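Each remark here refers to the structure printed beneath this line.
Below, all heavy atoms of this structure are taken into account, side chains as well, without hydrogens, waters or symmetry copies. Here is how names work: the chains are called A, B, and so on, in the same order as the sequence lines, proteins then strands, and each is numbered from 1. Just so we're clear, the structure is a prediction, and the values are computed from it rather than from any experiment.
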Amino acid sequence: MIKAVTGTKDILPAEIPGWKYLESVVERIFRSFNYKEIRTPVFEETGLFARGIGEETDIVGKEMYTFIDRSETSITLKPEMTASVVRAYIEHSLGKQQQLNKLYYLSPMFRQERPQAGRQRQFHQFGCEALGSASPLLDAEIIIVAFSILKELGLKDIKVKLNSLGVPSSRENYKKILREFLKGSVKKLSEDSRKRYDANILRIFDSKIECDQEVMKDAPLLLDFIDEESKNDFELVKTLLTQSGIPFEVDPRLVRGLDYYTKTTFEIVSGKVGAQSALCGGGRYDLLIEQLGGVPAPGVGFAAGMERILLACENERTLNLPPESIDIYIIKLDKELTAAAFQTVLELRKSRLTAELDYLDRSVKAQMREANKLNARFVLFVGGDEYKSGKLNLKNMSTGEQRLFGMNDFQQIVQLIKM
RNA sequence: GUGGGCGUAGCUCAGCUGGUUAGAGUAUCAGGUUGUGGCCCUGAGGGUCAUGGGUUCAAAUCCCAUCGCCCACCCCA
């Protein structure tokens with residue numbers, strides 16, 4: 001039997017209402033904040049991600065779905081959205097039409113990792129990018145958007161973690177300090193972290209390995225060494241969040257694995273989704289646009305994992321969606337009336353009702369059971385004595401009440417059902 | 001890439017230390033009188049016990065391999 005590829009999943013009809021609901025909340029809240037939707041291709045030239053995300057990152061180093069197409073171009077399925085949005089922003093000169101572009105998206109993403117709880121190889125993210133303003137108002141705004149969406153979904157066990165990485169010059173300065181601090185302890189670090197000592201020293205903070213945490217316990221913190229401007233911006237973000245009633249905690253060890261971040265970074269984590277607890281992550285990236293060849297412009301954004309959010313909703317039992325139902329089910333009392341019944345359903349559907357009938361030539365009892373299973377609000381009997389005398393029998397399934405209508409009173413039936 | 005756990009009907013699972021035709025619940029289908037659902041009752045269909053090999057008189061049950069799934073590490077949403 002051919003099965004879905006490792007790390008991919010079918011989203012079956014039973015799960016669709018949850019997805020649609022999530023999508024509707026996302027769209028509604030982004031709209032209220034005046035973000036415009038953008039859709040980009042699922043694949044890009046590999047170089048975009050290599051340059052945008054950073055050659056040293058795990059995503060680019062070992063997780064991308066990359067292949068050579070028939071024209072010898074190296075193509076990569078998008079592992080994240082920021083690089084693509086920025087590419088589109090530059091390519092279409094969106095920054096010249098208006099200074100600030102507030103964009104949001106919903107899209108599948110692809111990363112070749114080992115699957116686990118809350119992690120797949122094809123997964124879905126929604127998120128946003130606000131391009132063209134360095135104002136901390138936007139840093140606060142996107143956190144508020146993300147938090148509002150999760151709150152609207154009813155999630156309670158969530159936490160906002162906030163940090164600032166400063167600008168590159170202050171960060172480089174700090175790296176020297178950290179490197180000096182760790183100099184004598186390198187031997188005590190794990191093998192991975194020893195590599196990071198040279199490649200990306202900040203990320204030693206991410207390590208969950210005990211010996212690393214022990215060493216890092218007393219390490220100097222980047223937050224204490226960031227430049228004056230970053231510090232002021234960070235203070236304003238905190239003030240704005242506090243004013244907006246968003247609970248957060250500053251986590252000076254929050255280092256994100258993507259190279260492009262500057263100043264504000266944040267994550268929203270859940271205690272209900274297993275080890276991969278980040279539902280949402282993002283931050284500011286003031287140099288990325290220039291780095292990808294655009295006119296220098298600042299940006300800030302986040303991405304949220306839809307599977308993880310739905311998992312959290314499931315585990316917190318927050319989504320009490322009403323069961324699906326249909327308006328009306330047509331019951332054939334006589335087999336000879338199959339064609340007439342078929343025309344009747346079509347008429348009802350033209351009147352914008354959700355209408356269904358039996359396709360399996362089953363007994364009246366079986367048809368009734370089916371109508372019940374589909375949560376039909378009404379049932380219309382076609383056939384029998386009343387049909388011979390020009391009548392149709394309409395039954396209200398919740399009250400059990402039945403009423404006869406003339407064949408010409410079709411619109412009356414429709415009106416009654418629509419009430 | 002590394003480590004741990006698991007693989008029995010569509011789904012959730014039982015099947016003890018190997019012993020005759022592999023079970024339950026649920027779902028599906030049919031029926032419970034002639035044209036009417038939900039509850040209830042009766043019955044039916046549905047399994048190469050992941051795959052391949054081995055041990056044994058005998059394997060779903062023990063051993064090995066392969067594959068798959070799950071979880072964790074790394075990292076991320």
Side-chain angles (χ1 to χ4, degrees), chain A residues 1-9 12 14 53 56-64 78-82 106-127 146 150 190-193 195-196 200 203-204 206-210 212 255-258 267-270 273-282 301-312 329 331-335 337 360 362-388 393-402:
Chain A
M1 182 175 49
I2 296 179
K3 306 210 290 184
V5 173
T6 299
T8 67
K9 274 189 174 148
L12 299 173
I53 301 171
E56 298 304 317
T57 61
D58 281 15
I59 292 180
V60 173
K62 57 183 199 192
E63 295 171 4
M64 294 204 300
K78 60 185 171 192
E80 61 114 46
M81 196 65 178
T82 304
L106 291 151
S107 172
M109 305 292 167
F110 306 85
R111 292 182 201 172
Q112 190 160 173
E113 301 180 85
R114 273 296 253 285
Q116 72 185 74
R119 167 182 288 161
Q120 293 168 209
R121 291 186 172 181
Q122 178 178 174
F123 60 103
H124 301 260
Q125 290 185 332
F126 66 82
L150 299 178
S190 67
E191 200 188 320
D192 284 342
S193 287
K195 279 183 208 148
R196 281 184 283 213
N200 197 337
R203 238 176 304 147
I204 301 176
D206 277 341
S207 176
K208 289 173 191 166
I209 302 167
E210 211 171 310
D212 292 341
V255 181
R256 315 216 66 251
L258 282 66
E267 266 182 18
I268 302 181
V269 296
S270 164
V273 294
Q276 304 310 317
S277 58
L279 299 184
C280 173
F302 76 80
M306 298 177 74
E307 282 83 359
R308 286 184 191 178
I309 290 172
L310 288 169
L311 188 62
Y329 192 92
I331 302 231
K332 291 167 288 180
L333 295 178
D334 307 303
K335 293 202 166 48
L337 291 173
L360 300 170
R362 301 206 285 190
S363 68
V364 173
K365 187 195 194 84
Q367 292 181 66
M368 280 303 286
R369 281 185 169 155
E370 183 69 11
N372 191 58
K373 206 174 72 183
L374 295 174
N375 260 318
R377 294 170 51 229
F378 290 88
V379 143
L380 187 68
F381 294 96
V382 175
D385 295 336
E386 55 271 54
Y387 192 81
K388 284 178 198 137
N393 184 1
L394 182 73
K395 173 168 181 164
N396 181 322
M397 289 293 274
S398 52
T399 64
E401 179 199 354
Q402 302 195 32

Nucleotide N/O of nucleotides 11-13 of chain B paired with protein N/O under 3.5 Å:
none

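- Within 4.0 Å of A:K62, counting heavy atoms only, lies at least one base atom of the nucleic acid.
- Comparing A:A275 and A:L279, the nucleotide of RNA chain B nearest to each residue sits closer to the 5' end for A:A275.
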Original post:
Just the dot-bracket of RNA chain B, please: which string comes out with Watson-Crick or G-U pairs under 3.5 Å, [ ] for crossing, | for another strand?
Top reply: (((((((..((((.....[...)))).(((((.......))))).....(((((..]....))))))))))))....
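- Among the protein residues, A:G383 comes within range of no part of the nucleic acid, since none of its heavy atoms lies under 4.0 Å from any strand.
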Subject >> Sequence-aligned protein contact record of nucleotides 3-8 of chain B, with B where the base is within under 4.0 Å of a protein heavy atom and S where only the sugar-phosphate is >> reply: B-----
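- A search for side chain to side chain donor-acceptor pair (under 3.5 Å) contacts involving A:Q116 returns A:R119, not counting sequence neighbours.
- The side-chain contact (heavy atoms from CB on, under 4.5 Å) with A:L279 is formed by just one residue from the set A:L311, A:L150, A:V269; it is A:L150.
- Counting non-hydrogen atoms under 4.0 angstrom, A:Q120 reaches a base of the nucleic acid.
- For the pair A:R308 (side chain) and A:A278 (backbone), a donor-acceptor distance under 3.5 Å is present.
- For A:R119 and B:A77, the shortest distance from a side-chain N or O to OP1 or OP2 is not below 4.0 Å.
- Residue A:A371 is classed as having no contact, given no heavy-atom separation below 4.0 Å to the nucleic acid.
- Where stacking is scored as ring centres under 5.5 Å apart with planes under 30°, A:F123 registers as stacked on the base of B:A77.
- Here A:E307 lies out of heavy-atom contact (under 4.0 Å) with every strand.
- Side-chain N/O atoms of A:T6 include one lying less than 4.0 angstrom from OP1 or OP2 on B:C69.
- Look at A:K373 and you'll find a side-chain N or O under 4.0 angstrom from OP1 or OP2 of B:U28.
- Within the nucleic acid shown, A:F302 has no heavy atom closer than 4.0 Å to any nucleic acid atom.
- One N or O donor and one acceptor, one from the side chain of A:E386 and one from the base of B:G35, sit under 3.5 Å apart.
- Side-chain atoms of A:R377 do not come within 3.5 Å of backbone N or O of A:N396 as any donor-acceptor pair.
- Separating the P atom of B:G4 from that of B:U66 is a span of 14 Å, rounded to the nearest Å.
- Side-chain atoms of A:K365 and base atoms of B:G32 include a donor and an acceptor less than 3.5 Å apart.
- Taking atom C1' on both nucleotides, B:G43 is separated from B:A58 by 35 Å, rounded to a whole Å.
- Residue-level contact check: A:D334 touches neither bases nor backbone, having no heavy atom under 4.0 Å from any strand.
- The side chain of A:Q276 contributes an N or O atom lying less than 4.0 Å from OP1 or OP2 of B:C73.
- Dashed line: the shortest gap from a side-chain N or O of A:S363 to OP1 or OP2 of B:A30 is not under 4.0 Å.
- Looking only at distances, a side-chain donor or acceptor of A:Q367 sits under 3.5 Å from a matching main-chain atom of A:R362.
- Distance from the side chain of A:A117 is smallest to B:A72 among B:A72, B:C70, B:C74.
- A:Q402 comes within 4.0 angstrom of a nucleotide base, judged by non-hydrogen atoms across all strands.
- Using P as the reference atom, B:G52 and B:A24 are 27 Å apart when rounded to the nearest Å.
- Between A:M109 and the options A:R121, A:Q122, A:M306, A:Q125, a side-chain contact (heavy atoms from CB on, under 4.5 Å) holds for only A:Q125.
- Every residue meeting the side chain to side chain donor-acceptor pair (under 3.5 Å) condition with A:Q402, not counting sequence neighbours, appears here in chain and number order: A:N393.
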Considering only nitrogen or oxygen atoms on both sides, find all protein atoms under 3.5 Å from nucleotides 38-40 of chain B and state each distance.
{"residue": "B:G38", "atom": "OP1", "partner": "A:R369", "partner atom": "NE", "Å": "3.4"}
{"residue": "B:G38", "atom": "O4'", "partner": "A:N372", "partner atom": "ND2", "Å": "2.9"}

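- The separation of B:A60 from B:G19, taken at their P atoms, amounts to 10 Å, rounded to a whole angstrom.
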